[in-house]
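The structure under discussion appears below in the form of structure tokens.
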Amino acid sequence: MSADRANDDNPLLDFSGLPRFDRIRSGDIAPAIDALLAAARASVDAVGRDTRPETWESVVEPTETAFDHLDRGWGVVRHLNAVVNTPDLRDAYNAVLPRVTAFYTDIAQDPRWFARFRGLADGPAYAGLDAARRSVVDNALRDFRLGGAGLPDAGKARFKAVQEELAMLSARFDDNVLDAENSWTHYVPHEADLAGVPADVVAAARAAAKADGRTGYKLTLRYPCYMPVIQHADNRALRQLLHRAAATLASDLGASPAWDNTPVITRTLELRREEARLLGYANFAELSLVSKMARTTGEVLAFLRDLAQRARPFAERDYAELAAFARDDLAIADFSAWDVAYAMERQKARRFAFSEQEAKQYFPEDRVLAGLFRVVETIYGVAISRGNAATWHPSVRFFEMRDKAGALIGQFYLDLYAREGKQSGAWMDDAINRRHTQDRLQHPVAYLTCNFSGPLDGDAAHFTHREVITLFHEFGHGLHQLLTRIDVAGVSGLQGVEWDAVELPSQFMENYCWEWDVLVHMTAHAQTGAPLPRALFDRMLASRNFGSGMAMVRQIELALFDMLLHSAYVPGGDGSHPSPQAVLDAVRREVAVVPHPPYDRFMHAFGHIFADSYAAGYYSYKWAEVMSADVYSLFEERGVMSPEIGGRFRDEVLARGGSRPAFESFVAFRGRPPQLDALLRHNGMVAT
Ligand SMILES: [Zn+2]
């Protein structure tokens, strides 16, 4: 009984409201997750034993609460592991991870549960279900099949072992990158060595050195330090040093063999292929597309190559002009990878008399947030205000979204600043999914996480325009999570939405960062308080598509690499692609315009496809961008702040979650299938 009593008091098992971040300790993790797994298992077993006719009430409903609690509890643990990673927490996370993975692979193969779902799908009750509930049943049957439920016993056992090993490899990949990144520091003795680097970055580097009890300036590979140095440091040797450190992170050329992701990559690719073939697919790419909007590998490859062909002339022109500028104006004869970002900033400053750092002075955090909220409040008819909740770090804030009548829609946490122990990048994750329980409505809650430079010496944080765009992007995901009207958790918010459609709402929101009427309200100069001058905005706008050809072929390079790595490449196979690096080299020959140095081990830190869910799915960004640009073009026609079009977008896309195919939602909003025109126009890729 003592274990039960302990669990009564376990904050991870308290589902009465928001997560109890004020009370959770790493010691709570194992007992809580084990209890949640046991409860979910028991609910599955009960459904399997049930002999009543198959209905929603007898097959789906009895497991809903146990699974919701498991999602929420495990979600909190995953979240903490990503944002306040400590050795204790990481150990606790890694200790339960195999049990969680084993649970999901186990139940996906449970024959009696599978039979109950099949009975529901084939029986008379199915026709009486609404669209959302039918989608839940259809997705469950698909996931049973993809989970190996149809395999013979030996196949099931092997499939499960493969899943477990893949989950460990994915966690290992991230840990290696994070450890390698954290281990790298470089102290610069004199401020003169940082000539060209923005003053706030220099000040942060001095503060970081001081915190270590050292004089001089501490440089790291974390984004708010790495990016401005690689973009602005006049010191070419310093840029080269940082570039090499970042490009060899967690690789065979990295700081320690302990963090080398080479074996992780090799093994992951072998196991993914084995997983796909166990299920009857030729390769992992085919398997990945089963739950996506795109139908075949060929369709994706053709889409990417068509886009590459359209973008490449613009990319080649960008690069030729950049190399000429570096040679003539910067006296760099042997133009190299570590000069590209620097030369681009200089060329951009020359051409448009504008730099990210100049614009940054105009974007204080409070104004930016107010501007973002104003857009959302106007087009969706909602109101956002501060709320109270326990968090995992003092800098995290909490907000509530309500409708015009004051009724709660959802809530979100905002964790904006980079810090040690926080995974790099920006993302949205669900904390709580919207659903109706027997007696009440459970409101959705989202985590919004970024890695911006925080406030320095008591001043308000200021964001670059790029960071503002990132914030809008993640908030778009958040709106997908919060504005859903679906009452069953399985297809509410982003649940059940095809992966290649997930980036639609997020990339859509980015467009607002280029609207004068939106942007001007978000600005106040750090010293004078003056709003962004129209002339500076015009220069920013003129520079919007600066380098867009190079940026587009870079994204296509990554997407093509990912797709071919998971389809054409055969681990230990025929020799036409002898290694993952050979696949990357071939793709670069086909589409890239920027030469890469031989030490470039970008793949070893490509977490999207090795530690996240973008494997054979990286193309999703471009795929969804076609749709997001096309959606925005209707706003451009009818008014970008139009509540009418906003309402239609909410009703037909955001509110629907995974209750119907994304293609149908798009057509319902736009009145026709997606077209490429708006994307090309927004990127300045229209023949003149
Ligand atoms: Zn995104």
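Both backbone and side-chain heavy atoms feed into the values below; hydrogens, waters and symmetry mates do not.
A 4.5 Å side-chain heavy-atom check between Leu194 and Val201 finds every atom pair outside the cut-off. Tyr569 places a side-chain heavy atom less than 4.5 Å from the side chain of Pro580. Taking 4.5 Å as the limit, every side-chain heavy atom of Phe363 sits out of range of all side-chain heavy atoms of Thr464. Leu416 has its side chain within reach of Glu365: a pair of non-hydrogen atoms, C-beta onward, lies under 4.5 Å apart. Put simply, the side chain of Trp516 does not reach to within 4.5 Å of the side chain of Asp538, judged on heavy atoms. In this structure the side chain of His596 reaches within 4.5 angstrom of the side chain of Glu557, judged on heavy atoms.
Remark: aromatic rings of Phe561 and Tyr618 are distant, center separation not under 6.0 Å. For Tyr614 and Trp499, the distance between ring centers is under 6.0 angstrom.
Annotation: cation-pi geometry satisfied between Arg214 and Tyr187 (NZ/CZ under 6.0 angstrom from ring centroid, within 45° of ring axis). Taking the centre and axis of the six-membered ring of Tyr223, the NZ or CZ atom of Arg466 falls outside the cone set by 45° and 6.0 Å. For the pair Arg350 and Phe325, the cation does not sit on the ring face, since its NZ or CZ is not both under 6.0 Å from the ring centre and inside 45° of the axis. Both tests hold for Arg244 against Tyr599: distance to the six-membered ring centre under 6.0 Å, angle to the ring axis within 45°.
The backbone N or O of Ser336 sits less than 3.5 Å from a side-chain atom of Asp339, completing a donor-acceptor pair. Asp600 places no side-chain N or O within donor-acceptor distance of the main-chain N or O of Ala247, the cut-off being under 3.5 Å. A distance-only check finds a donor-acceptor pair linking the side chain of Asn511 to the backbone of Phe508 [under 3.5 Å]. Of the possible donor and acceptor atoms, one in the side chain of Arg539 sits under 3.5 Å from a partner among the backbone N and O of Phe352. Panel note: side chain Asn683, backbone Met552; no donor-acceptor pair is recorded below 3.5 Å. Under the 3.5 Å distance criterion, the side-chain polar atoms of His477 are left unmatched by any main-chain donor or acceptor of Leu494. Looking at Lys422, its side chain does come within 3.5 Å of a backbone N or O of Asp415 through a donor-acceptor pair. Checked by atom type and distance alone, the side chain of His462 pairs as donor or acceptor with a backbone atom of Ala460 at under 3.5 Å. Of the possible polar contacts, none joining the Arg397 side chain to the Pro394 backbone as a donor-acceptor pair under 3.5 Å is found. Between the side chain of Gln675 and the backbone N or O of Asp630, no donor-acceptor pair lies under 3.5 Å.
Judged purely by distance below 3.5 Å, without hydrogens or angles, the side chains of Asn235 and Asp193 never pair a donor atom with an acceptor atom. Side-chain N/O atoms of Asn182 and Arg222 include a donor and acceptor closer than 3.5 Å. Side-chain contact check for His682 and Glu510: no donor-acceptor pair (N or O, by modelled atom type) lies under 3.5 Å. Tyr413 and His79 are not linked by any side-chain donor-acceptor pair at a separation below 3.5 angstrom, with hydrogens and angles left out of the test. A donor and an acceptor atom, one from each side chain of His525 and Gln361, are nowhere located under 3.5 Å apart. Asp562 and Tyr619 form no side-chain donor-acceptor contact under 3.5 Å, judged by distance and modelled atom types alone. Remark: the Glu467 side chain and the Thr470 side chain contain no N/O donor-acceptor pair separated by less than 3.5 Å. No hydrogens or angles considered: nothing links the side chains of Glu181 and Tyr226 as a donor-acceptor pair under 3.5 Å.
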Practice item. Could you walk me through whether Trp514 and His465 pass the side-chain contact (heavy atoms from CB on, under 4.5 Å) test, one step at a time? Key: CA-CA 10 Å; Trp514 296 103; His465 188 239; 3.4 Å; yes
Go through Tyr632 and Glu636 one step at a time and tell me if the side-chain contact (heavy atoms from CB on, under 4.5 Å) criterion holds.
CA-CA 6 Å; Tyr632 197 66; Glu636 288 174 317; 3.8 Å; yes
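Between Phe335 and Tyr319, the two ring planes are tilted [angle within 30° to 60°].
Using a 4.0 Å cut-off between charged nitrogen and carboxylate oxygen, Arg236 and Asp334 count as a salt-bridge pair. With respect to Asp585 and Arg589, no salt bridge is recorded, no charged nitrogen being found less than 4.0 Å from a carboxylate O.
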